[in-house]
Amino acid sequence: MRILVTVASRHGGTLEMANAIGQALADAGLEVDIKPLRDLEGVAGYKAVVLGSGVYMGRWLPEASAFVEQHSVELRARPIWLFSSGPLGFPDPKPDGDPAGIHELAGSIHARGHRTFAGRLDRGRLGIGEKLVVSAVRAQEGDFRDWDAVAAWARGIAGELTRTPAAIAS
């Protein structure tokens with residue numbers, strides 16, 4: 001069974017999470033392709049999809065939301081899980097909660113789940129405008145990703161996909 005793990009990632013941090021998710025799925029015996037969203041034309045040929053986006057200003061990146069809207073029929077035809085990467089800070093990442101509009105987006109494609117993970121902020125990778133924004137909101141620099149939580153979430157997906165063939169069809 002071929003699984004697609006794809007993300008919209010501005011500075012590579014969310015893509016690193018996709019790699020970890022893909023590795024956990026592969027470790028469970030699934031065939032996994034990990035691709036940046038910008039390299040996809042659709043999801044044909046995949047039995048399931050894990051789709052993620054970095055979160056900026058409390059929202060998914062526009063290309064991720066647009067991909068869901070443009071490919072909603074294809075996405076609804078297979079199991080799909082969504083994840084977001086972006087809240088920053090320790091011990092309590094900010095902003096709290098899920099990205100704006102994610103529940104509606106998930107509902108539109110019948111996503112089986114959505115998970116928000118803390119992200120990373122490396123000011124050295126940011127453009128001038130982004131540096132101004134993170135300074136204005138006092139975003140904390142650092143890597144706040146919980147790799148154990150990411151892997152556990154992916155193992156849960158693998159468990160659902162390998163449990164029974166009916167789980168994939170529904």
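We use all heavy atoms of the structure for the numbers below, so side chains are in, but hydrogens, waters and symmetry mates are not.
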> Is there a side-chain contact between Arg78 and Val49 (heavy atoms, below 4.5 Å)?
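In short, these two side chains touch, coming nearer than 4.5 Å.
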> His114 and Pro99: which non-hydrogen atoms are nearest, and at how many Å?
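Looks like CE1-CD, 3.9 Å.
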> Can you name the nearest heavy-atom pair linking Val68 to Leu75, along with the distance?
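Of all heavy-atom pairs spanning Val68 and Leu75, the closest is CA-CD1, 3.9 Å.
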> Side chain to side chain contact (heavy atoms under 4.5 Å, CB included), that's the test. Do Val50 and Ile80 meet it? Break it down for me.
CA-CA 6 Å; Val50 178; Ile80 182 165; over 6 Å; no
> What heavy-atom pair brings Thr14 and Ser9 nearest, and what distance separates the two atoms?
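So the two residues come closest at N-OG, 3.3 Å.
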> Could you tell me if the side chain of Asp33 sits less than 4.5 Å from the side chain of Tyr46, heavy atoms only?
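Heavy-atom side-chain distance check passes, below 4.5 Å.
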> State the CH2-CD1 distance between Trp81 and Ile21, to the nearest 0.5 angstrom.
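Nearest 0.5 Å value for the CH2-CD1 distance: 12.0 Å.
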> If you measure from CG on Leu161 to CD1 on Ile3, what distance do you get to the nearest 0.5 Å?
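Atom-to-atom, Leu161:CG and Ile3:CD1 are 5.0 Å apart.
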> Please walk me through it: do Leu82 and Ile109 pass side chain to side chain contact (heavy atoms under 4.5 Å, CB included)?
CA-CA 10 Å; Leu82 307 175; Ile109 55 172; 4.1 Å; yes
> For Phe83 and Met17, run side chain to side chain contact (heavy atoms under 4.5 Å, CB included): C-alpha distance rounded to whole Å, both residues' side-chain angles, the deciding distance at 0.1 Å, then the answer.
CA-CA 10 Å; Phe83 75 95; Met17 293 177 90; 4.1 Å; yes
> Hey, which of Ser65, Ser53, Ser84 is the one that makes side-chain hydrogen bond (donor to acceptor under 3.5 Å, both in side chains) with Trp60?
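One option only clears the test, and that one is Ser84.
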> Give a yes or no on whether Arg115 atom CZ has more than 12 heavy-atom contacts from other residues, nucleotides or ligands under 6.0 Å away.
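It does: Arg115 CZ has more than 12 such atoms within range.
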> Heavy-atom distance under 4.5 Å between the side chains of Asp146 and Trp153, does that happen here?
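A side-chain contact under 4.5 Å is absent here.
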> Could you check whether any side-chain N or O of Arg76 sits under 3.5 Å from a backbone N or O of Ser108, counting only pairs where one atom can act as donor and the other as acceptor?
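Checked: pair present.
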> How many angstroms lie between CG in Leu51 and OG1 in Thr6, if you round to the nearest 0.5 Å?
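With rounding to 0.5 Å, CG (Leu51) is 6.5 Å from OG1 (Thr6).
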> For the CD atom of Glu63 and the CZ atom of Arg38, what is their distance to the nearest 0.5 Å?
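One finds 9.0 Å between CD of Glu63 and CZ of Arg38.
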> Which heavy atom in Val32 sits nearest to a heavy atom in Ala26, and how many Å separate them?
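Minimum heavy-atom contact is CG2-N, 3.8 Å.
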> Quick one: OG1 on Thr162 to CG on Leu25, what's the gap to the nearest 0.5 Å?
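Interatomic distance, Thr162 OG1 to Leu25 CG, rounded to 0.5 Å: 10.0 Å.
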> Within this structure, what is the CG-CG distance for the pair Leu40 and Leu37, rounded to the nearest 0.5 Å?
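Between atom CG of Leu40 and atom CG of Leu37 there are 6.0 Å.
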> Please report the closest heavy-atom contact between Arg59 and Ala100, naming both atoms and the distance.
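Answer, listing the atom of Arg59 first, then Ala100: NH1-CB, 3.5 Å.
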> So does Met1 get a backbone contact from the side chain of Glu31, meaning a donor-acceptor N/O pair under 3.5 Å?
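The answer is no, because no donor-acceptor pair under 3.5 Å joins these two groups.
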> Which atom pair, heavy atoms only, marks the closest approach of Glu74 to Gly42?
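Scanning both residues, the minimum pair turns out to be OE1-CA, 3.8 Å.
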> Begin from the C-alpha positions of Gln23 and Asn19 and carry the test side chain to side chain donor-acceptor pair (under 3.5 Å) through to its verdict.
CA-CA 6 Å; Gln23 185 61 56; Asn19 287 327; over 6 Å; no
